[in-house]
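Sequence lines set the chain letters: A, B, ... in the order given, protein chains first and strands last, and positions in each chain run from 1.
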2 protein chains.
Amino acid sequence: MSNDPLQILQNYVQSVGLKTTKQRELIAKVFFAQNAHLKAEEVLEHVRKSDQKISLATVYRTLKLLQVCGLAKSHDFGDGHARFEPTTDQDAHHDHFICTACGKITEFFSEQIEQLQNDIADAHDFQVNYHRMELYGFCSDCKKNK
Amino acid sequence: MSNDPLQILQNYVQSVGLKTTKQRELIAKVFFAQNAHLKAEEVLEHVRKSDQKISLATVYRTLKLLQVCGLAKSHDFGDGHARFEPTTDQDAHHDHFICTACGKITEFFSEQIEQLQNDIADAHDFQVNYHRMELYGFCSDCKKNK
DNA sequence: TTTTCTGCAAAACCTTTGCATGTGG
DNA sequence: CCACATGCAAAGGTTTTGCAGAAAA
């Protein structure tokens with residue numbers, strides 16, 4: 001059983017009767033290579049370096065496909081643009097720090113948060129399936145320049 | 001020094017040379033009375049009960065004004081609609097539980113989260129100004145019906 | 001009277017979709 | 001060949017903006 005997202009995508013595509021195309025492969029490759037929070041437009045920019053003709057619609061369609069097979073997630077951090085990020089086992093539960101000065105998004109992981117969400121869930125009779133925690137403020141660089 | 005958001009708004013409006021209007025007063029009154037997470041369209045619905053002629057544009061403009069003077073915040077919970085909520089001292093730090101079955105949004109507050117964010121901030125050399133924590137899953141009602 | 005505000009409609013924005021053409025299996 | 005995929009452009013949804021008339025200071 002492979003952990004390579006491109007392999008997983010390939011398997012999924014075949015099993016559901018979809019087709020492997022140059023565009024899909026390229027978009028997926030670029031997306032997983034950039035381990036970042038990209039807007040669709042940014043994914044397109046990267047992809048265009050290899051293929052000028054790929055359309056934004058295809059980027060959206062491929063990103064949606066990646067979400068359907070559990071390889072990507074989208075999220076709006078509040079500026080009206082959806083950001084996409086890979087979902088892999090090791091970072092499925094990571095959280096984010098968002099610098100409100102420079103816009104940089106950094107990931108972090110806290111075991112305590114996992115514990116905390118269980119406590120809160122119990123206290124409120126909720127069944128938590130996943131969580132999201134975001135800390136807004138200034139990153140170390142921007143903190144200096146204040 | 002008043003704690004009444006309507007009073008704060010009034011003071012702000014006057015101090016910056018803006019004008020007090022029936023529409024602004026009504027929208028603000030309705031918004032603060034509904035202590036909920038409302039879409040702009042929902043604010044409009046409530047407002048229309050008192051004044052049929054108020055436009056959606058004015059609702060947006062007033063909600064933006066409330067954000068500028070720190071009385072409201074907006075956030076996209078992932079369905080593409082911005083939700084607006086009052087920002088007051090007592091609930092400035094609350095967090096959210098979102099039921100992915102029925103869409104219900106519930107607030108909660110945890111002192112431990114406040115502590116946790118400080119620890120994380122220190123560890124990463126970040127200056128946290130505010131945070132957001134969301135737990136996604138099933139509320140007690142929807143949990144039963146599974 | 002002067003500046004701001006409103007309502008309307010149009011524009012802007014990101015994202016999705018319809019359609020004719022292209023391409024993988 | 002047939003079904004799916006693509007690119008383009010147009011449509012879709014929410015939010016913003018330009019403008020002329022209305023209202024507050």
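Nearest-nucleotide mapping onto DNA chain D: of A/Ile27 and B/Arg61, the residue sitting toward the 5' end is A/Ile27.
If you measure from atom OH of B/Tyr60 to atom P of C/dA9, you get 17 Å, rounded to the nearest angstrom. The distance between atom NZ of A/Lys39 and atom C1' of C/dC13, rounded to the nearest whole Å, is 12 Å. Protein atom NE2 of A/His81 is 12 Å distant from nucleotide atom C1' of C/dT15, rounded to whole Å. Straight-line distance from the CZ atom of B/Arg24 to the P atom of C/dT4: 11 Å, rounded to whole Å. If you take CD of A/Glu41 and P of C/dT16, they are 14 Å apart, rounded to a whole angstrom. C/dC14 atom P lies 13 Å from atom CG of A/Leu44, rounded to whole Å. Following rounding to the nearest Å, B/Glu25 (CD) and C/dT6 (C1') show an atom-to-atom distance of 15 Å.
The closest side-chain donor-acceptor pair between A/Asp119 and A/Gln115 falls under 3.5 angstrom.
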Carefully, step by step, assess A/His37 and A/His96 under the rule ring-ring contact (aromatic ring centres under 6.0 Å, His included).
CA-CA 10 Å; A/His37 310 81; A/His96 298 103; 4.7 Å; yes
Walk me through it: do A/His131 and A/Glu114 pass the test side-chain contact (heavy atoms from CB on, under 4.5 Å)?
CA-CA 9 Å; A/His131 75 270; A/Glu114 306 296 315; 3.3 Å; yes
Start with the C-alpha distance between A/Gln7 and A/Asn11, add both sets of side-chain angles, then the distance that settles side chain to side chain donor-acceptor pair (under 3.5 Å), and finish with yes or no.
CA-CA 6 Å; A/Gln7 189 62 54; A/Asn11 293 343; 3.3 Å; yes
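Side-chain contact check for A/Glu107 versus A/Glu85: some heavy-atom pair is nearer than 4.5 Å. With contacts defined as side-chain heavy-atom distances shorter than 4.5 Å, the pair A/Tyr136/A/Glu134 qualifies. Looking at heavy atoms from C-beta onward, A/Phe32 lies out of side-chain contact with A/Asp4 at the 4.5 angstrom threshold. With contacts defined as side-chain heavy-atom distances shorter than 4.5 Å, the pair B/Cys69/B/Leu9 qualifies. In this structure the side chain of B/Phe109 reaches within 4.5 angstrom of the side chain of B/Glu111, judged on heavy atoms. Using a 4.5 Å heavy-atom threshold, the side chains of A/Leu135 and A/Phe108 count as touching.
For DNA chain C, the residues of residues 47-57 of chain A within the heavy-atom distance limit of 4.0 Å (strictly under) are A/Leu56, A/Ala57, sorted by number.
A/Leu71 approaches A/Pro5 most closely through the heavy-atom pair CD1-O, 3.6 Å.
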Each nucleotide in nucleotides 20-25 of chain C should get exactly one letter: B, S or -. Can you fill that in based on protein heavy atoms under 4.0 Å?
----BS
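Chain A approaches DNA chain D over the interval D/dA3 to D/dC8, counting the first and last nucleotide 5' to 3' with an atom under 4.0 Å from its heavy atoms.
If one axis is set at each end of the helix from C/dT1-D/dA25 to C/dG25-D/dC1 from five pairs, those axes are 20° apart, to 10°.
Under the ring pair (Phe, Tyr, Trp, His ring centres under 6.0 Å) criterion, A/Phe126 pairs with A/His124, B/Phe97, sequence neighbours left out. Residues passing the side-chain contact (heavy atoms from CB on, under 4.5 Å) test with A/Asp51 are A/Leu26, A/Lys53, A/Ile54, sequence neighbours excluded.
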